[in-house]
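Per chain, numbering begins at 1; letters A, B, ... match sequence-line order.
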Number of protein chains: 2
Amino acid sequence: MNIGQVAERAGIPAKTIRYYEDIGLVRPQRSENGYRAFSEQDLHKLAFLARARALGFTIEDCRTLLGLYEDEARESADVKALATEHLAQIEEKIAQLREMHATLARLVEACHGDHRPDCPILQGLAEEG
Amino acid sequence: MNIGQVAERAGIPAKTIRYYEDIGLVRPQRSENGYRAFSEQDLHKLAFLARARALGFTIEDCRTLLGLYEDEARESADVKALATEHLAQIEEKIAQLREMHATLARLVEACHGDHRPDCPILQGLAEEG
DNA sequence: TATAGTCCTTCCAGTGACTGGAAGGTCAAG
DNA sequence: CTTGACCTTCCAGTCACTGGAAGGACTATA
């Protein structure tokens, strides 16, 4: 398979696949004409990466996960630890965003939003505390 | 005021303040020795920026907000529109994170996490659908 | 056979918002 | 007169791509 077809089937831009090769996440063969020649296994790996990325894992986490996936002697505890850690980070981010949202929503509600210049949002940003 | 004191009082690293000057968000005077000389107004501006950044506004949004803050003829509607747009983006991010969290939490719960290799998390990442 | 159009290649640079570090100037205290 | 804290500029790195230029390869059609 050429990169275009793999890109479509894995749902990843060709550019990103080249980048993944650059950083050693996939190592496709090469055809005689210099084109990358992807196997079904390469495609499978890329789809795995796409799903892991969609769950918010960093590239380095993805590298680790791929390693575990391909390691027959892995311990599921290692996978679970990684995923649990990531889950905690997601929770933290959600909490942060919720705080931002609460504060900003309060300011937005207080703002009449008309042609006049006085604005509780700007006041909120300008005040200390 | 020198940069160190401003950094402490505004709660922003000195490096970041220099960066903000680089991109034109603040324009402190210079002392004879070449040090940046911040006024109380500069400090106020930086504190404003810190709060806007803490609410998740982008630097460009912050630039706009500062402009509105300093424009006596602003219309609060413009501020509200910007904030409302940002609020929607926060909501979208929260929704995305919640989806990630739900999916990953389901996988983590299904994983026994012991010394054995079979792992629903990896299976989930490997499977299509 | 010429050509047009699509695919592929590499390489370089830019994104956002900093952050780290090197190399060196300035200032206050002892 | 030295030590140490503070300041300066400049360059490079982060993360995960993304855009674009310049050029080679392949396919279909006139």
Nearest to side-chain heavy atoms of A/Asn33, which nucleotide of C/dT9, D/dT18, D/dA25: D/dA25

Rounded distance (Å) that lies between atom C1' of D/dC26 and atom CD of A/Gln5: 15 Å

For B/Arg18, which contact category applies under a 4.0 Å heavy-atom criterion: base, sugar-phosphate, or nothing? base

Whole-Å distance, A/Ile59 CD1 to D/dT14 P, equals 14 Å

Flag the pair A/Leu65 / A/Phe57 as yes when at least one side-chain heavy-atom distance between them is below 4.5 Å, and no otherwise. yes

For B/Arg30 and D/dT8, what is the distance between atoms CZ and P respectively, to the nearest whole Å? 6 Å

Could you check how far CZ of A/Phe57 sits from C1' of D/dA16, rounded to whole Å? 17 Å

Closest to the A/Asn2 side chain: C/dC8, D/dC17, C/dC18? C/dC8

Roughly how many Å is it from CG in B/Leu25 to C1' in C/dC18, rounded to a whole number? 13 Å

Against the side chain of B/Thr16, the closest entry in D/dA16, C/dC18, D/dC6 is C/dC18

Do the side chain of B/Tyr19 and the base of C/dG16 come within less than 3.5 angstrom through a donor-acceptor pair of N or O atoms? no

Taking CG from A/Leu49 and C1' from D/dA16, how many angstroms apart are they, rounded to a whole number? 13 Å

So for atom CD, which belongs to B/Glu99, do other residues, nucleotides or ligands contribute more than 12 heavy atoms lying within a distance under 6.0 Å? no

A/Tyr35 side-chain proximity, nearest of D/dC17, D/dC7, D/dA25: D/dA25

Across the strands shown, which category fits A/Ile23 at heavy-atom distances under 4.0 angstrom: base, sugar-phosphate, nothing? nothing

So do A/Gln29 and A/Arg36 actually touch side chain to side chain, heavy atoms under 4.5 Å? no

May I ask you to say what B/Tyr20 touches in the nucleic acid, namely base, sugar-phosphate or nothing, with a heavy-atom cut-off under 4.0 Å? sugar-phosphate

Please check if atom CZ in B/Arg30 has more than 12 non-hydrogen atoms from other residues, nucleotides or ligands closer than 6.0 Å. yes

With a cut-off of less than 4.0 Å, is there a side-chain N or O of A/Arg36 near OP1 or OP2 of C/dT9? yes

Could you pick out which residue, A/Ala37 or B/Pro13, lies toward the 5' side of DNA chain C when each is mapped onto its nearest nucleotide? A/Ala37

Is it true that B/Glu60 and B/Arg63 have a side-chain N and a carboxylate O under 4.0 angstrom from each other? yes

Find the distance B/Ile3:CD1 to C/dT26:P and express it as a whole number of Å. 17 Å

Just how far, in rounded Å, is C1' of C/dT9 from CZ of A/Phe38? 12 Å

Listed nucleotide nearest any side-chain atom of A/Lys15, set D/dG19, D/dC10, C/dC18: D/dG19

